[in-house]
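Contents: one structure, followed by commentary.
Chain letters run A, B, ... following the sequence lines, proteins first, then strands; residues in each count from 1.
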There are 2 protein chains.
Amino acid sequence: MPSDLSADIRAAGLRVTRGRLQVLELLENAPHSDAESIHALLRDVDPDISIQSVHNILSALASAGLVRRIEPARSPARYERRLGDNHHHVVCTECGAIEDVDCVVGHAPCLTPSSTSGFTIATAEVNFWGVCPDCATVAETPVASPVA
Amino acid sequence: MPSDLSADIRAAGLRVTRGRLQVLELLENAPHSDAESIHALLRDVDPDISIQSVHNILSALASAGLVRRIEPARSPARYERRLGDNHHHVVCTECGAIEDVDCVVGHAPCLTPSSTSGFTIATAEVNFWGVCPDCATVAETPVASPVA
DNA sequence: GGGTAATCGTGAATGACTCAAAATAGGCGC
DNA sequence: GCGCCTATTTTGAGTCATTCACGATTACCC
């Protein structure tokens, strides 16, 4: 079923290469992966791929609009393939796990700040910080001050 | 009038040192500064201060809750002294300039995601991405795809 | 199938930050 | 005001994710 990935890539004006196909396919199954884990998974299929190529591929895909790059504080950049819908993320302050959060309120209520200070707003990004179920069970101790 | 800064520092359980006072004072005048520019400004007053000390001071102040650390993607960590009120930021996709944005809606409407995926949400962070007035005048050309 | 430019591999380099150990200085009790 | 103890700073090296440069390879158009 990865056949139309090629079409996507080509439609974005990029050449279709094995690496790019693999990265896209991989991001379907493992969203929110960072460059290093993508590299690790890719090596299973193509042992010769280098981490630089992964960065290369990812930034090509990102600037072509095929993947979205998210960079939570304290964590390497991660990539995901869900595009178009403006959804947000929950990040675990303990282990860095990321999950998607749909913007219930339909279409960006928070997208309109009160005073833009003259800025021309293009996008809004919402990140929720908390503790994921796994880490919550491990550490009962309420954490000090993770973000603020 | 920087006299009660000492009190603030002490109240947080930290020792009052010259560097910390200077950093706090500096952040009043130049909010959203990153470690490097803080270092540069500090050298005017105290030429012997090292960049590591600046990092040290900043992380001490941050974990004591005296400053807030903000880390927009594609930009080194920045620090500000506005605390308590949950305000957000506009970041210029061109030059990285940051301005404060008050959360009009009183108290965090966006703070409540639809499904938390089992996460225990602690804080929410909202970043707006756009083009600042300065960069808007310089480049009339609408930019490709800066963030998304 | 051949040519050409995009893409990948290799290697080195950068920026921002962290870690470790020795030198210094703040603030407590006296 | 004086010393002591420990928090903080300094100095220096090291880490991590990412980027840059350039030659080798490969996809795609004809």
*Please work out if B:Ala77 contacts a base, only the sugar-phosphate, or nothing of the nucleic acid, heavy-atom cut-off 4.0 Å.*
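The residue B:Ala77 makes sugar-phosphate contact but no base contact.
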*asked:* Base, sugar-phosphate or nothing for A:Ile49? Non-hydrogen atoms, less than 4.0 Å.
replied: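 Sugar-phosphate, backbone atoms only, no base.
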Is the phosphate of [N], meaning OP1 or OP2, less than 4.0 Å from a side-chain N or O of [X]?
| X | N | answer |
| --- | --- | --- |
| B:Arg10 | C:dG27 | yes |
| B:Arg15 | C:dA25 | no |
| B:Arg74 | D:dT18 | no |

*Are A:Glu80 and A:His87 close enough that some pair of their side-chain heavy atoms sits under 4.5 Å apart?*
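A:Glu80 reaches A:His87 side chain to side chain.
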In terms of side-chain heavy atoms of [X], which of [options] is nearest?
| X | options | value |
| --- | --- | --- |
| A:Gln52 | D:dA17, D:dC20, C:dC19 | D:dC20 |
| A:Arg69 | D:dT18, C:dC8, C:dG27 | D:dT18 |
| A:Thr17 | C:dA16, C:dC8, D:dA17 | C:dC8 |
| B:Leu14 | D:dT8, D:dT11, D:dC28 | D:dT8 |
| B:His55 | C:dC17, C:dT10, C:dC8 | C:dC17 |

*Would the number of heavy atoms belonging to other residues, nucleotides or ligands and lying under 6.0 Å from CD of B:Glu36 be above 12?*
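Count not over threshold, so no.
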*Going through the checks in order, is the side-chain contact (heavy atoms from CB on, under 4.5 Å) test met by A:His89 and A:Asp100?*
CA-CA 5 Å; A:His89 296 107; A:Asp100 287 339; 3.1 Å; yes
Find the distance [X]:[atom1] to [N]:[atom2] and express it as a whole number of Å.
| X | N | atom1 | atom2 | value |
| --- | --- | --- | --- | --- |
| B:Asp48 | D:dT11 | CG | C1' | 12 Å |
| A:Glu71 | D:dT19 | CD | C1' | 13 Å |
| B:His39 | C:dG15 | NE2 | P | 15 Å |
| A:Arg18 | D:dT26 | CZ | P | 9 Å |
| B:Ile57 | D:dT9 | CD1 | P | 5 Å |
| B:Asp46 | C:dA25 | CG | P | 11 Å |
| A:Asn56 | C:dA6 | CG | P | 13 Å |
| A:Ile51 | D:dA17 | CD1 | C1' | 8 Å |

_Quiz question: by atom type and distance under 3.5 Å, do the side chains of A:Asp34 and A:Ser37 form a donor-acceptor pair?_
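Checked: A:Asp34/A:Ser37 side chains pair up, N/O donor to acceptor below 3.5 Å.
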_Both A:Val16 and B:Ser50 contact DNA chain D. Taking the nearest nucleotide for each, which residue is further toward the 5' end?_
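This one resolves to B:Ser50.
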*Out of curiosity, B:Ile38 CD1 to B:Gln22 CD, how far, rounded to the nearest 0.5 Å?*
12.0 Å
